[in-house]
Every structure is written in structure tokens, then in C-alpha cells.
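Taking it in order: structure first as C-alpha cells, then the write-up.
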Amino acid sequence: MRLLAVCLMFCATAAPAFAQPFANAKTSLADYRVADFTPKKSCESLAAFKGEGIVSINARTVPAEGDTPPHCRVTGVITPEVGFEVNLPDRWNRRFYMTGNGGLAGDALDAATSPDRTAALSNGFVQARTNTGHDARKEPSGSFILSNPQKAIDYAYRAVHVTAETAKKIATDYYARPILSAYWNSCSNGGRQGLLEAQRYPDDFDGIVANAPWVDQTGFTIGAMWNQKALTEAPVSPATLLLIAQKVMDKCDAVDGLKDGLIDDPRACQFDAARDVPACSAGAGTADCLTTGQAATINRIYSGPNSNGRPIMAGFMPGSEAVTTAPDGATNSGWVGAIVPAQPGAKPADFNLAEGVMRYLILDPPQPEYDFMTFDYDRDPALVERWSKLADAKDADLSRFRKRGGKVIMTYGWADQILQPMMGVNYYEAVVAKNGRNTSDFARLFMMPGVAHCGGGIGPDRVDAVTAVIDWVEKNKAPDSLVAGKVTNGTVIRTRPLCPYPQVARYKGQGSIDEAANFSCVAPR
């Protein structure tokens with residue numbers, strides 16, 4: 001596949017914050033030959049819709065604007081405070097599409113524009129979303145639990161389910177026809193929500209795309225506090241991270257047999273900051289070397305936390321600290337602002353998120369002033385068990401989802417700097433162990449070399465997993481590979497196949513290493 005030929009697939013729009021684009025969906029749905037359907041009642045009449053738990057509902061016609069076609073927008077609240085939005089196009093393809101939330105949710109549903117909404121409506125889907133039961137502008141971080149403990153359950157899993165049920169009933173009422181198939185597409189916390197749907201409510205969705213799913217929310221929280229403690233004891237500057245990133249790439253790039261600026265599978269490279277980065281002389285500390293304490297901090301971030309000498313959560317992978325270039329030409333490590341503070345005294349994103357989870361959701365009762373430095377890794381991991389049972393998406397038994405014909409595609413960037421990618425790998429391996437060797441008949445994982453959280457990084461990160469899951473559900477066409485593209489300044493500079501785990505992409509030995517057609521998916525050696 002030539003780079004110019006795939007520009008239309010990858011160049012048109014950047015990936016929305018919490019959902020992967022589906023550039024080929026319109027063509028795929030046309031092949032399926034399902035006619036469009038029009039409403040059988042007025043939009044405004046939906047304001048009288050009665051549904052279980054609905055405490056308020058509004059409906060209004062929204063005219064076309066930009067790339068967003070005309071549609072009916074229904075908004076409302078399900079008890080106690082689960083806000084929802086349903087968008088119904090004038091021409092419907094009989095499919096339902098839902099996107100999730102990042103972090104601790106609380107999304108504003110009154111936003112005038114939404115890339116996810118536009119993408120869905122322009123392809124003929126009914127689209128829905130929820131704030132999961134609180135407004136983060138009024139109740140930031142995890143503080144929403146203080147006003148009503150039910151909000152914790154709604155955030156953990158209930159809000160998505162009741163919104164999906166309500167939205168489907170509204171759509172059926174509006175078009176006087178049942179939904180043909182339902183799809184979920186989201187990343188990060190939205191990926192967690194999608195996996196929990198498959199685990200708890202297998203009838204809600206036929207196809208699920210979970211990109212970089214926050215499978216282990218509680219394990220992540222322990223890991224983020226572990227990293228912050230190490231960085232508090234031995235800080236590492238953004239400038240020093242540039243040195244570490246270069247040393248990682250020097251050691252790990254060609255381990256897969258191809259020097260291409262990508263680390264194919266970081267597990268194959270044994271990087272040791274104390275050994276592979278120049279050591280500072282005693283008492284010194286510059287951007288050109290690591291002190292003994294700094295080397296130990298870096299290695300602790302890679303290894304992850306342990307309890308009584310045993311690992312309890314995976315660390316971050318070599319390559320997640322890689323140097324990226326911003327549109328203005330500035331370079332920085334992927335860890336800056338995510339794991340390592342961008343400025344002294346600032347809270348990196350991972351720790352800021354974990355602190356909210358720990359203070360408000362894990363601890364019972366909540367402790368808004370809890371000091372993470374007091375967490376004892378040998379004694380305190382048991383504190384997370386109550387919340388883990390509610391919020392973690394670690395149940396590997398997907399037999400009910402499989403039995404009713406559901407399909408799930410997971411993707412994860414090997415260079416994810418927000419969530420540890422091994423939580424995705426470990427979960428998928430657990431699913432295979434639980435569901436048997438034919439697990440790939442309904443669930444597949446695609447790892448993305450060099451790709452950061454939900455996209456970005458140095459690897460090819462634009463991929464249309466949504467069309468792939470539609471084809472899998474409706475045509476029984478399982479994805480043997482996905483083509484990912486890397487776009488810079490509106491130009492596709494590289495494409496690569498993403499392979500169903502544990503397969504990996506290997507260069508055939510001829511042609512450009514920037515062309516996906518010159519690679520094949522093979523079993524790892």
C-alpha cells in the first residue's frame with residue numbers, strides 16, 4: 001500500500017480524545033447493504049419519552065453545522081444524577097454507537113461541538129454518551145462521592161449501562177425499528193468502561209473497541225504513588241530524560257532485527273539505567289549523567305511496585321520515555337508532565353489522577369488529605385480490594401459475551417506513558433487462559449510499537465479499529481491485521497501492520513521500511 005494512497009484514511013482528522021476514528025466505516029456499511037431509515041415521529045415529541053429512572057428529559061432539533069449533519073438531540077438525567085445525551089440522525093443506519101469518558105469522568109454534556117458526535121452522525125449512527133453521574137466542574141477529581149455514595153457505583157459501571165439501555169429505547173421509539181447492532185469505542189477509562197460492559201452487561205454491545213483500557217485502576221494507582229515517591233526521593237529533570245530516551249533507543253531499537261526508530265516489543269530489551277546511562281561522579285548531577293539515586297528511580301519506574309519482594313503491578317516500558325517533537329519544533333520526553341513533573345513542585349498527570357482515586361474512591365471513608373508518602377507497600381495493598389471489585393476490569397471470564405456473539409478489539413501502545421501497557425497484555429493473556437485457545441474467535445489484542453497513550457508518540461498511531469469490529473460482527477470477517485499510519489504535518493510518513501497478539505510485524509527484507517506492505521505478521525521468535 002503506497003503512502004499517498006492511504007492519506008485519505010489517516011490524514012483527514014486527528015483521533016478524538018477518547019475514541020479512535022473510523023475512516024472506512026461508510027464504505028463497509030454500504031457493502032452490508034442496509035438501507036437508511038428516517039424518523040417516524042417529531043424530535044420534540046421525545047421530550048415526553050418515559051423510561052425507567054428518567055427524572056428529566058429534553059429534545060431539540062439541531063440543524064446541520066460544518067461536518068455535523070442535522071439531527072435530534074435528546075438530553076436528560078437518570079436517577080440520581082446520571083446525565084446522558086443521545087443524538088439521532090435524520091438518516092439512520094440502524095446501528096447504535098457509544099463513547100466513554102477519560103479519567104474520573106464528569107464530562108460536560110453541553111459542549112457545542114464533539115468530534116465523536118460528528119463522526120458517528122456523519123456515518124449514520126445513533127450516538128450516546130454519559131457524564132457517569134457527576135459534573136467535574138462542580139465536583140472535581142473523586143470528590144463527587146462526598147455528596148452521594150451512589151455516584152461511586154455510577155462512575156464505576158452503572159451509568160454506562162443505564163445510558164445504553166435508555167438510548168436504545170429512545171432510538172427504537174424514534175424510528176419505530178429495533179437496533180441492528182451496537183458498538184462501543186473508547187480509550188483509557190473509556191476502554192475500562194467498554195471491558196466492564198463485556199464483563200457485567202454482555203448484551204449491551206455487539207462490538208467493543210477498547211484502546212489503552214484502564215484495566216487495573218487500583219494497580220495503576222499504587223504504581224503512580226510508587227513512581228511519585230521515587231521521584232520525590234531522587235528527582236529527575238526533563239533534560240535528563242532526553243539522555244535516558246537516547247540511551248534506551250540506542251540499546252533497544254535493533255533488538256527486533258530492524259533499526260527503524262521503533263522498539264517493537266520492549267520486553268525483549270533489558271535496559272538498566274545504572275548500567276546503560278553514564279554515571280555522575282560523586283556529588284555531581286547534570287543532564288549528561290545519572291546519580292546513583294536517579295538511576296534507582298528510573299529503574300523503579302520500569303520495574304513497577306513490589307510488596308514483600310513480589311511485584312504487584314507492571315512498570316512502564318522502555319521507549320515510553322521517547323523523545324517527541326511538538327508542532328512548534330520543541331522536543332521533550334514522553335514522561336514529562338505524565339510521570340515526571342514538567343516543573344518543580346507540579347503534579348504529573350499520572351499521580352494527580354491516582355491521588356484522586358486513592359483519596360476518594362479507594363479509601364473508605366474518603367480521606368481528602370491522605371498523604372501518599374504514608375502508603376506502606378508491604379502492608380497497604382489490601383486497601384484497594386473493595387474498590388477493585390467495583391471498578392477494575394480484570395474479570396477474564398467473557399463467556400457470556402462470547403456466547404451471544406460479541407466481539408472485542410483491544411489496542412495498546414507499547415510506549416504508553418499514562419497507563420502501563422502490560423496491564424492490557426496481562427489481561428488479554430488471562431482472557432486466553434480462561435476462555436481457551438479459540439479466544440481469538442471473539443477477542444483480539446493489537447499492540448502498537450512506539451505509540452503513546454490513546455495515540456501520539458513516535459509510532460504509527462492512526463488506526464481504524466471501529467470498521468474492523470463492524471466487519472467482524474456483521475460480516476464475520478475477523479481482523480488478521482490492522483494498518484496503522486503515522487501522520488506528520490498532514491502527510492503519512494509511515495504505515496505498519498498491527499498484528500493480533502502475540503504475533504509481531506516483521507520486515508520481509510525488501511522495499512521501504514515505511515510501507516506496511518513490506519511487513520508480515522509472524523509468531524515471535
Side-chain angles (χ1 to χ4, degrees), residues 15-20 98-105 116 129 132 155-157 159-161 164 183-202 204-205 207-221 223-224 313-314 316-317 320 349-350 353-354 357 387-388 390-398 401 406-432 434-435 439 442-448 451-457 461 463 465-466 468-469 479 482 498 500-501:
F18 302 116
Q20 294 177 324
M98 191 166 172
T99 52
N101 316 84
L104 294 179
D116 295 348
R129 57 182 184 145
T132 75
Y155 164 76
Y157 59 84
V160 169
H161 171 60
Y183 298 98
W184 176 271
N185 174 30
S186 252
C187 87
S188 196
N189 181 58
R192 180 191 70 88
Q193 292 169 317
L195 292 181
L196 279 173
E197 280 290 300
Q199 295 164 17
R200 287 179 175 267
Y201 306 107
D204 281 356
F205 294 95
I208 292 171
V209 173
N211 178 24
W214 197 5
V215 176
D216 191 348
Q217 188 176 96
T218 56
F220 157 86
T221 299
M313 181 63 189
F316 286 85
M317 307 305 292
S320 57
D350 268 19
L353 179 58
V357 174
W387 184 246
S388 175
L390 296 173
D392 287 345
K394 295 191 293 186
D395 185 354
D397 185 359
L398 299 180
F401 183 70
K407 312 295 183 186
V408 60
I409 292 176
M410 289 173 51
T411 64
Y412 232 114
W414 271 124
D416 197 315
Q417 80 288 27
I418 298 292
L419 302 180
Q420 303 91 325
M422 283 304 297
M423 75 168 73
V425 173
N426 291 339
Y427 175 70
Y428 184 74
E429 290 181 341
V431 170
V432 172
K434 184 70 175 180
N435 297 274
T439 295
F442 79 99
R444 298 190 181 191
L445 167 66
F446 295 84
M447 298 303 294
M448 306 175 74
V451 174
H453 186 59
C454 295
D461 63 330
V463 59
V466 179
V469 85
L482 302 174
L498 304 179
Y501 184 86

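Computed from a prediction, not measured in an experiment: that's the story for all the values here. Hydrogens, waters and symmetry mates are skipped; everything else that's a heavy atom, side chains included, is used.
- With sequence neighbours excluded, the residues forming a salt bridge (charged side-chain N to carboxylate O under 4.0 Å, His left out) with Asp216 are Lys394, listed by chain and number.
- Taking OG1 of Thr132 as the start and OH of Tyr157 as the end, the distance is 13.5 Å to the nearest 0.5 Å.
- Annotation for Glu197 and Val160: closest pair OE2-CG1, 3.5 Å, computed over non-hydrogen atoms.
- Scanning all heavy atoms of the two residues, the minimum distance from Gly103 to Leu353 falls at CA-CD1, 4.1 Å.
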- [ ] May I have the step-by-step check of side-chain contact (heavy atoms from CB on, under 4.5 Å) for Met448 and Val463, ending in yes or no?
- [x] CA-CA 10 Å; Met448 306 175 74; Val463 59; 3.8 Å; yes
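- The line from CG of Asp461 to SG of Cys454 is 11.0 Å long, rounded to the nearest 0.5 Å.
- The shortest heavy-atom contact between Ala468 and Leu482 is CB-CD2, 3.6 Å.
- In this structure, a donor-acceptor pair under 3.5 Å is present between the side chains of Asn189 and Tyr155.
- Separating the CG atom in Asn435 from the CG atom in Asp397 is a distance of 6.0 Å, to the nearest 0.5 Å.
- Here the rule is ring pair (Phe, Tyr, Trp, His ring centres under 6.0 Å) with His161, and of Trp184, Tyr201, Phe205 only Tyr201 fits it.
- Side-chain contact between Met423 and Asn426 is absent, with no heavy atoms from C-beta onward closer than 4.5 Å.
- Heavy-atom minimum distance, Arg192 versus Ala391: NH1-O, 2.9 Å.
- Taking the side chain as every heavy atom from C-beta outward, Leu398 and Gln199 approach each other to under 4.5 Å.
- For the atom pair CG (Asp204) and CZ (Phe401), the distance works out to 10.0 Å, reported to the nearest 0.5 Å.
- Within the structure, side-chain hydrogen bond (donor to acceptor under 3.5 Å, both in side chains) contacts touching residues 415-425 (residues at least two apart or in different chains) are Asp416-His453.
- Using a 4.5 Å heavy-atom threshold, the side chains of Asp392 and Val215 count as separate.
- Contact check for Phe316 versus Asp350: side-chain heavy atoms found under the 4.5 Å cut-off.
- Checking Trp387 against Gln217 by side-chain atom types alone, a donor-acceptor pair falls below 3.5 Å.
- Atom CE of Met410 is separated from atom CZ of Arg444 by 14.0 Å, given to the nearest 0.5 angstrom.
- Minimum heavy-atom separation, Leu419 to Ser188: CD1-OG, 4.0 Å.
- Nearest approach of Leu195 to Pro213, heavy atoms of both residues: CD1-CB, 3.7 Å.
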- [ ] Take Ile208 and Val469 through the side-chain contact (heavy atoms from CB on, under 4.5 Å) test and state the conclusion after the steps.
- [x] CA-CA 7 Å; Ile208 292 171; Val469 85; over 6 Å; no
TODO: Go through the steps to decide whether Val425 and Tyr501 satisfy the test side-chain contact (heavy atoms from CB on, under 4.5 Å), and finish with yes or no.
DONE: CA-CA 9 Å; Val425 173; Tyr501 184 86; 3.4 Å; yes
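- One distance of note links NZ of Lys434 with OH of Tyr427; it measures 11.5 Å at 0.5 Å rounding.
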